[in-house]
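No experiment lies behind these values; they were computed from the predicted model shown. Below, chain A is the first sequence line, B the second, and so on; all start at residue 1.
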There are 2 protein chains.
Amino acid sequence: MPATIRDVAKKAGVGLGTVSRVLNQSPQVSDRTRQRVQDVIDELDYSPNPIARRLSLGKTHTIAVIIPFFTRPAAVERLRGITYSISGTEYDLIVANIETPERRIAAFRELARRERVDGVLIISLPFSEKDAELFIKSGIPLVFIDVNDPLLHDFNRIVVDDIEGGRKAVQHLLDLGHTNIGYISDVLEDPFPFSASRARFNGYRQALEAAGISPCPELHRHGEHSRSDAKIITAEMLRMPDRPTAIFAASDTQAIGVLETVREAGLRIPEDLSVIGYDDVEIADHLGLTTVRQLLVESGEKGVRLLLEVMQDPLREAECETLPTELIIRNTTAPPG
Amino acid sequence: MPATIRDVAKKAGVGLGTVSRVLNQSPQVSDRTRQRVQDVIDELDYSPNPIARRLSLGKTHTIAVIIPFFTRPAAVERLRGITYSISGTEYDLIVANIETPERRIAAFRELARRERVDGVLIISLPFSEKDAELFIKSGIPLVFIDVNDPLLHDFNRIVVDDIEGGRKAVQHLLDLGHTNIGYISDVLEDPFPFSASRARFNGYRQALEAAGISPCPELHRHGEHSRSDAKIITAEMLRMPDRPTAIFAASDTQAIGVLETVREAGLRIPEDLSVIGYDDVEIADHLGLTTVRQLLVESGEKGVRLLLEVMQDPLREAECETLPTELIIRNTTAPPG
DNA sequence: GTAGAATATGGAACCGGTTCCATTTACTTA
DNA sequence: TAAGTAAATGGAACCGGTTCCATATTCTAC
């Protein structure tokens with residue numbers, strides 16, 4: 001049904017190559033011929049078939065984003081930035097939502113192929129040495145957002161210094177006078193843990209040690225990255241004889257779970273217990289949550305820009321851009337009662 | 001670099017058609033030949049080029065979702081359901097994020113083309129008669145989620161009865177004894193308003209009228225679909241001499257803005273003012289928000305399933321599935337003080 | 001006006017699959 | 001064993017673009 005380049009050529013009385021040259025703004029067409037062809041293109045409402053174009057050019061014009069979308073609200077805001085930067089480019093954004101380890105492996109396997117995508121963005125996901133081999137072998141341009149690991153030294157990254165971010169969170173609590181500070185995070189002993197959680201934990205530890213406080217293993221607990229697990233863990237912590245006076249949660253999602261349990265226990269926030277999260281997702285403002293802010297939307301935008309550059313110039317050196325974190329003090333932290 | 005079907009044929013000593021038959025599970029291949037070809041496929045780590053396949057088959061294997069993604073958290077949860085249902089199919093999901101009317105028009109224009117996508121899902125967006133013509137002309141399979149308009153009678157839809165949903169919200173307030181009930185919504189006088197907001201407004205009005213209360217125009221205000229606009233509008237309402245004792249907000253997002261302003265005004269929720277939202281997005285539970293629940297994830301899942309069926313059988317009659325709404329009473333509504 | 005250089009153009013070949021029909025091969029029956 | 005039928009196979013044509021080189025046309029300089 002839709003007109004093809006052959007229809008245009010025939011009706012304009014020119015060759016296929018000439019139509020192609022008009023379509024692709026080649027200077028090697030006379031103005032007169034160009035106008036004639038353009039008139040026919042308009043008349044037939046012709047536009048090129050993207051699939052045929054992609055096959056011919058040997059490019060997919062597709063960028064894949066692999067994302068644990070719905071279990072990490074922060075990731076949603078990164079994706080927002082990604083859609084902004086992709087919009088107006090010639091690329092399609094395909095989304096692979098990863099909510100289980102099995103899905104992650106399958107997605108990597110499927111997408112690490114040059115005939116499949118031109119580039120890949122990986123957001124907030126664990127990444128193993130074996131995964132790295134797969135992508136290196138494929139030669140697919142790859143950018144990580146919020147994944148930072150020594151393993152990734154030779155890959156392009158947009159990250160924050162999560163050690164510093166973790167330190168800021170804990171330093172804020174120390175400045176308020178807290179010394180008995182809990183930390184709730186994702187599981188850190190997985191074969192492939194999410195690197196940012198581990199770094200935030202290291203920041204937690206470093207800040208305590210710098211203040212001459214020996215980190216107490218009882219005060220660090222982990223579970224799935226979810227509000228409900230954080231609720232359960234917080235309840236356990238509140239049952240400790242020497243319960244913490246403040247809790248640092250590794251993400252705002254988990255901090256929300258903490259808030260819930262603390263309130264259900266009849267404790268006042270922040271008078272009886274201070275809570276600080278990490279990310280500054282959109283709802284954090286509404287909740288009055290004290291948190292460490294990351295530039296989530298900007299990280300997505302920059303990730304796309306970096307990927308486009310890598311796709312343009314595959315020989316460029318791997319780059320790692322570190323975005324700032326910022327302590328955002330709202331209403332969930334105060335000096336210990 | 002990657003092996004092609006020609007490499008496989010040559011190495012296996014068969015013709016292209018035979019390799020294709022093996023790839024596509026045709027019965028018309030002897031077991032012996034099939035095994036021989038499969039061994040070579042494994043040896044060369046060959047997989048078909050999806051672009052070539054799509055051109056040959058005349059299918060894009062792509063489904064587009066057009067979504068006002070980030071301005072409507074409910075849409076994010078619908079998208080979650082979409083990713084669940086798409087996962088495991090042969091289709092790529094491309095996401096077009098629409099945050100302005102101009103972007104909407106451009107996206108429709110680009111995507112209403114058979115060489116571009118095999119099907120389209122449109123979520124929570126305004127849709128005009130002109131838009132309808134564009135899609136009818138293209139013959140693209142199309143399913144709407146959360147768009148319900150007489151104009152769409154001949155299109156496939158997954159909807160809720162928003163009139164009933166709006167009535168439920170207001171009926172709940174009436175049952176509590178409220179008679180002075182405000183309503184905050186999106187702009188309804190746009191050339192192409194979002195249909196669900198209008199329907200919820202109709203529900204609001206019907207419930208009042210059924211209770212013998214004449215709807216007061218001063219009690220209905222609208223702005224952009226955002227938390228911040230809802231904050232401003234609520235402040236205006238609170239300044240009314242005869243301010244409402246309860247507010248029905250057309251979405252949870254807007255309800256959150258209402259909560260903020262009410263609290264900033266030093267009023268207690270729900271003692272001084274009751275608030276009810278609409279959607280039951282994930283954070284509503286944490287906020288203790290009374291709301292009208294929609295099955296958001298399920299609406300996405302069903303939308304994909306319906307679209308796949310329409311793509312399978314283009315001659316099928318247009319279908320409209322109506323999902324239930326449910327009143328969810330939490331802590332933001334109580335009898336008037 | 002002629003020769004040479006520059007510009008414009010057409011279309012065969014190509015991208016990597018699928019498909020369909022002519023041909024070949026294998027099997028069955030008399 | 002021969003004839004007929006069924007199954008298997010090969011490869012040309014096709015999908016709709018892009019590109020590159022041979023050729024045609026236009027322009028410039030003498």
Check: Parallel under 30°, tilted from 30 to 60°, perpendicular over 60°: which one fits the rings of A:Phe108 and A:Phe135?
Finding: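 Plane angle over 60°, so perpendicular.
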Between atom [atom1] in [X] and atom [atom2] in [N], what is the gap in whole Å?
X	N	atom1	atom2	result
A:Arg114	C:dG16	CZ	P	13 Å
A:Arg113	C:dG16	CZ	C1'	13 Å
B:Glu90	C:dT18	CD	P	12 Å
A:Arg6	D:dG17	CZ	C1'	7 Å
A:Leu23	D:dT19	CG	C1'	14 Å
B:Leu16	C:dC20	CG	P	16 Å
A:Lys59	D:dG17	NZ	C1'	15 Å
B:Ile5	C:dC14	CD1	C1'	16 Å

Next item on the list: Run through B:Asp92, B:Leu93, B:Thr62 and flag the one making a side chain to side chain contact (heavy atoms under 4.5 Å, CB included) with A:Ile94.
Entry: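 Option passing the side chain to side chain contact (heavy atoms under 4.5 Å, CB included) with A:Ile94: B:Asp92.
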Note to self: Please determine whether the number of non-hydrogen atoms from other residues, nucleotides or ligands lying under 6.0 Å from atom CD of B:Glu309 exceeds 12.
What the structure shows: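 Result for CD/B:Glu309: enclosed.
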Notebook entry, point to check: Are the side chain of A:Arg104 and the backbone of A:Pro126 linked by a donor-acceptor contact shorter than 3.5 Å?
Noted result: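 Indeed, once roles are kept as given, a pair shorter than 3.5 Å links the two residues.
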Notebook entry, point to check: When you measure from the side chain of B:Asp7 to the backbone N and O of B:Ala3, does any donor-acceptor pair fall under 3.5 Å?
Noted result: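 Such a contact is absent between B:Asp7 side chain and B:Ala3 backbone.
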Margin query: On the nucleotide C:dT9, are OP1 or OP2 found under 4.0 Å from the side-chain N or O atoms that A:Thr18 carries?
Written below: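 No, because none of the side-chain N or O atoms of A:Thr18 sits under 4.0 Å from OP1 or OP2 of C:dT9.
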Checklist line | Comparing B:Leu57 and B:Gly15 on DNA chain D - which has the more 5′ nearest nucleotide | finding: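 The residue mapped nearer the 5' terminus is B:Gly15.
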Check: Sequence neighbours excluded, which residues qualify as side-chain contact (heavy atoms from CB on, under 4.5 Å) partners of A:Arg305?
Finding: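 For A:Arg305, the residues satisfying side-chain contact (heavy atoms from CB on, under 4.5 Å) (neighbours in sequence not counted) are A:Ser85, A:Glu301, A:Lys302.
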Checklist line | Salt-bridge present (B:Arg316, B:Glu319; N to O < 4.0 Å) | finding: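 Salt bridge: yes.
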Checklist line | Contact list for DNA chain C against residues 28-36 of chain A - heavy-atom distance below 4.0 Å | finding: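 Listed by number, they are A:Gln28, A:Val29, A:Ser30, A:Thr33.
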Margin query: Please list, in numerical order, the residues of residues 43-56 of chain A that have a heavy atom closer than 4.0 Å to any atom of DNA chain C.
Written below: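 Only A:Leu55, A:Ser56 qualify.
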Notebook entry, point to check: If you look at every strand shown and take non-hydrogen atoms under 4.0 Å, does A:Val19 touch a base, only sugar-phosphate, or nothing?
Noted result: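 Since no nucleic acid heavy atom lies under 4.0 Å of A:Val19, the category is nothing.
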Check: When we call it a touch if two heavy atoms are under 4.0 Å apart, what does B:Gly58 touch: a base, just sugar-phosphate, or nothing?
Finding: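 Nothing, no heavy atom under 4.0 Å.
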Margin query: From C-beta outward on B:Arg21, which listed nucleotide comes closest to its side chain: C:dG17, D:dT9, C:dT18?
Written below: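 When the side chain of B:Arg21 is considered, D:dT9 is the closest of C:dG17, D:dT9, C:dT18.
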Checklist line | A:Thr83-B:Asn97 side chain donor-acceptor pair, cut-off 3.5 Å | finding: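 Their side chains do contain a donor-acceptor pair, which is all the 3.5 Å distance test asks for.
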Checklist line | OG1 on A:Thr18 to CD1 on A:Ile5, rounded to 0.5 Å | finding: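 It comes to 9.5 Å.
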